[in-house]
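Along the sequence shown, the residues carry numbers beginning at 1.
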Amino acid sequence: MKSDKYHRILHTLPDNSFKGYWKLSKGNRGTIIAAILCEGVMSVCFTAGFFIVRYFIDQVLLPGKWSFPVLYMAVAYILLNIFSGLAGFIAGRGGAKAAESIVYSIRNSVFDHIQKLSFTYHDRMKTGELIQRSTSDVDAIRLFFAEQVMGLAHIFFLFIINFSAIFYFNWELALLSSIIIPAVLLLSRTFFKKIFNSYGSYQDQDAKVSSVLQENLTGIRVVRAFARAEFEKEKFDKENKEKFRCGKILMYNHALYWPFSHILCGIQSVLGLSIACLMTLHGSITLGTLLAYSTLVNRIIWPMQHMGRLLALLSRSSVSYKRIAEILNEKQEPHLESPAEDGHTIKGKLLFHDVWFSYEKDKPVLKGISLEVFPGQVIALLGEAGSGKTSLVNLLPRFYEYSKGKILLDSKPLSEYPKSYLREIIGLVEQEPFLFSISIKDNIAYGIKREITKEDIENAAKAAAIHESIMEFPEKYDTIIGERGVTLSGGQKQRIAIARALVKDPRILILDDSTSSVDAETEQEIRETLETLMNGRTTFIIAHRIQSLMRADQILVFHKGEIIQRGNHAGLIKEDGFYKKVFELQTSIEAELQEEMNSA
């Protein structure tokens with residue numbers, strides 16, 4: 001519940017980073033304020049120690065009045081330093097605790113939010129970019145709360161308390177010690193803008209480097225198989241050089257600030273100490289005041305000099321905040337709130353009427369699709385790559401929303417069904433199945449919310465013709481699959497994905513070229529089993545082999561987003577068209593292969 005509440009707060013993040021930080025600190029503000037007050041206590045204790053030093057020099061050391069209880073002064077000085085150290089420890093601990101608590105919630109919220117973003121968003125956003133924002137940028141916010149907030153508080157208290165102490169000693173010295181402050185603040189503001197822009201470019205380029213690296217590691221087998229290591233190296237080097245260039249600009253701006261601020265603050269320090277020495281010689285201030293001032297003035301100048309460093313770090317945090325806010329302010333997939341549906345009440349009747357869809361504006365990939373599907377029918381989709389087959393079936397679980405027309409499921413508009421519900425009643429096996437780095441058993445049972453038995457998993461595996469292969473592994477169903485299923489063959493991965501869809505017992509089944517990675521014998525085995533499982537379920541099959549489509553109730557031939565042929569196998573092979581050409585070509589190839597095998 002606490003996490004959900006915090007996630008709602010993040011949904012309202014303003015563009016202004018400092019207003020956003022205030023919202024992010026909710027629930028931890030007491031800890032942060034206590035830590036800031038401890039910074040004040042630490043500064044007071046430190047400055048108070050120099051009052052004792054001043055008093056000791058002027059009232060004890062110089063007059064030679066050793067009858068004064070010096071021991072008490074020493075004890076007081078030591079206690080002040082102990083209190084200062086304790087206050088510093090509490091401040092650091094409190095800041096770190098608040099920072100980790102805030103960032104823990106941000107990480108969870110960012111991850112949760114990414115899960116609920118639309119497929120359109122994920123299509124245009126690179127994985128490396130999302131990883132960068134979820135790690136490096138989140139860590140920059142952690143540093144803001146853990147170090148920069150405490151640093152700003154430390155600088156503020158140092159300046160106010162030490163300036164007040166010098167003002168108490170001599171108001172002229174106090175004013176003299178602050179002449180340079182406006183110039184330092186102006187310099188810091190200028191560099192804040194420069195570093196803000198250069199750090200933004202650096203983070204964007206860092207994300208590109210991460211994307212190239214992530215893509216390369218994901219496809220390392222393809223890279224090796226096609227001997228493209230040198231090409232990949234050049235591609236990475238290009239992005240890395242650009243990151244190097246952005247990094248140089250960022251470091252140049254950092255490096256440029258220090259000489260300017262050091263010169264200004266050095267002039268201020270020399271000027272202040274020179275005047276203080278002259279005032280001591282003329283008797284305007286005491287020697288104890290001079291010695292106290294010589295330290296306290298640096299406690300005024302140091303904060304001003306380091307203000308620029310903190311502003312530079314703040315600019316980084318602001319950039320990271322905006323990059324995270326962009327994700328969190330991105331609209332989630334709209335989930336319609338409605339009573340839970342009973343999956344077994346869905347019959348599976350579908351009506352597509354003049355459906356249009358496009359990924360990009362004015363570039364339709366589906367054009368006026370009209371189709372009626374009765375419960376339990378098998379619909380086969382055939383066509384060249386990019387003809388719109390997969391786009392059509394992706395509309396059913398509402399991965400994407402069609403732009404025109406209507407789709408009815410059991411006479412009810414598809415848009416009125418919650419997306420989560422549709423995805424529960426639809427089983428999907430994609431052309432390129434993704435398996436997680438968990439056991440085979442857990443991969444098959446992935447996403448099943450009801451109680452599921454070992455027998456259910458094994459039945460699904462048998463139906464997908466993968467059970468025998470699994471039993472050959474030493475750990476059988478408990479075998480851990482490598483990343484993205486790398487330890488399995490393409491056919492094994494695809495059959496496990498089929499088992500994962502079947503164990504859902506879906507009302508609508510989508511097989512997107514799901515037997516493309518298996519041999520003809522295994523395909524026939526899977527097809528025979530699927531025929532039984534398809535009974536009573538509305539099924540969509542996308543395939544390139546006519547053998548997988550022949551028994552479908554309806555076969556739709558797609559070309560450039562339109563249905564150019566429809567009918568059953570017997571009717572379509574009598575028509576001159578795309579289907580007949582593909583059938584004849586595949587038949588002749590298979591016949592030639594069979595002849596070669598027989599002759600061999």
Side-chain angles (χ1 to χ4, degrees), residues 111-123 125 330-352 355 357 359 366 373 375-376 378-379 381 389-403 406-436 438 442-452 456-457 460 463-464 494 496-514 530 533-534 536-542:
F111 182 82
D112 179 66
H113 192 80
I114 288 173
Q115 307 305 304
K116 297 174 181 175
L117 293 175
S118 67
F119 277 74
T120 304
Y121 177 84
H122 286 285
D123 287 342
M125 200 70 170
E330 189 74 31
K331 277 190 173 182
Q332 293 183 355
E333 273 192 314
H335 287 261
L336 299 179
E337 297 295 332
S338 68
E341 306 265 0
D342 179 4
H344 295 285
T345 63
I346 293 294
K347 296 177 181 177
K349 181 180 180 181
L350 285 159
L351 176 66
F352 295 76
V355 173
F357 168 70
Y359 295 101
L366 292 176
V373 182
V378 177
I379 310 300
L381 285 72
K389 308 182 298 296
T390 300
S391 296
L392 180 71
V393 296
N394 279 343
L395 298 180
L396 295 177
R398 294 182 62 192
F399 291 155
Y400 303 93
E401 301 290 350
Y402 50 91
S403 53
K406 64 181 179 180
I407 300 178
L408 302 180
L409 173 57
D410 287 358
S411 302
K412 181 179 176 181
L414 198 68
S415 58
E416 293 184 13
Y417 290 94
K419 291 182 180 181
S420 55
Y421 170 66
L422 287 173
R423 293 165 193 179
E424 284 181 16
I425 65 164
I426 295 175
L428 173 63
V429 182
E430 295 183 294
Q431 187 174 356
E432 298 178 8
F434 184 95
L435 300 181
F436 295 89
I438 52 180
D442 291 335
N443 264 290
I444 294 175
Y446 186 80
I448 306 299
K449 295 181 180 178
R450 68 177 190 277
E451 285 292 327
I452 185 169
D456 293 330
I457 293 172
Q494 213 147 22
I496 288 174
I498 291 171
R500 181 168 61 192
L502 296 176
V503 82
K504 287 178 70 174
D505 189 24
R507 306 309 304 156
I508 298 173
L509 187 61
I510 298 174
L511 305 173
D512 188 353
D513 210 8
S514 57
L530 287 178
L533 294 168
M534 289 177 197
R537 291 186 176 88
T538 303
T539 306
F540 288 82
I541 300 176
I542 298 174

| field | Under 3.5 Å donor-acceptor, Arg398 side chain and Pro418 backbone | value | no
| task | Nearest 0.5 Å please: distance from the CG atom of Asp112 over to the CG atom of Leu117. | result | 9.5 Å
| query | Does any non-hydrogen side-chain atom of Phe357 lie less than 4.5 Å from one of Asn394? | reply | no
| What distance separates Asn443 CG from Ile438 CD1, expressed to the nearest 0.5 Å? | 4.5 Å
| field | Pro506 to Ala501 - nearest heavy-atom pair and separation | value | CD-O, 3.4 Å
| said: What verdict does the side-chain contact (heavy atoms from CB on, under 4.5 Å) test give for Leu502 and Leu509, after you've listed the backbone C-alpha separation in whole Å, the side-chain angles of each residue and the deciding distance to 0.1 Å? | reply: CA-CA 8 Å; Leu502 296 176; Leu509 187 61; 4.3 Å; yes
| From Lys504 NZ over to Ile452 CD1, what is the distance, rounded to the nearest 0.5 angstrom? | 11.5 Å
| query | Taking atom CZ of Arg500 and atom CG of Asp442, what is their separation to the nearest 0.5 Å? | reply | 11.5 Å
| Could you give the distance from CD1 (Ile510) to OG1 (Thr538), rounded to the nearest 0.5 Å? | 10.5 Å
| request: Step by step, work out the side-chain contact (heavy atoms from CB on, under 4.5 Å) result for Asp410 and Ile346. | output: CA-CA 7 Å; Asp410 287 358; Ile346 293 294; 3.8 Å; yes
| task | Tell me, with the steps shown, if Phe540 and Leu396 meet side-chain contact (heavy atoms from CB on, under 4.5 Å). | result | CA-CA 10 Å; Phe540 288 82; Leu396 295 177; 3.6 Å; yes
| message | Please report the interatomic distance CD1(Ile508) to NZ(Lys349), rounded to the nearest 0.5 Å. | response | 13.5 Å
| request: Would you name the heavy atoms of Asp456 and Val503 that are closest together and state the gap between them? | output: O-CG2, 3.9 Å
| message | Just so I know, are the side chains of Leu408 and Pro413 near enough to count as touching, which here means a heavy-atom distance under 4.5 Å? | response | yes
| said: If you compare all heavy atoms of Leu395 against all heavy atoms of Tyr400, which two are closest, and at what distance to 0.1 Å? | reply: CD2-O, 3.6 Å
| query | More than 12 non-hydrogen atoms from neighbouring residues, nucleotides or ligands closer than 6.0 Å to CZ on Phe111, yes or no? | reply | no
| task | Give the C-alpha distance, both sets of side-chain angles, the deciding distance and a yes or no for side-chain contact (heavy atoms from CB on, under 4.5 Å) between Tyr402 and Leu366. | result | CA-CA 9 Å; Tyr402 50 91; Leu366 292 176; over 6 Å; no
| task | Kindly indicate whether the side chain of Val393, heavy atoms from C-beta on, has any atom under 4.5 Å from the side chain of Phe399. | result | no
| field | Heavy-atom closest contact (Lys419 atom, Glu401 atom, distance) | value | CE-OE2, 3.3 Å
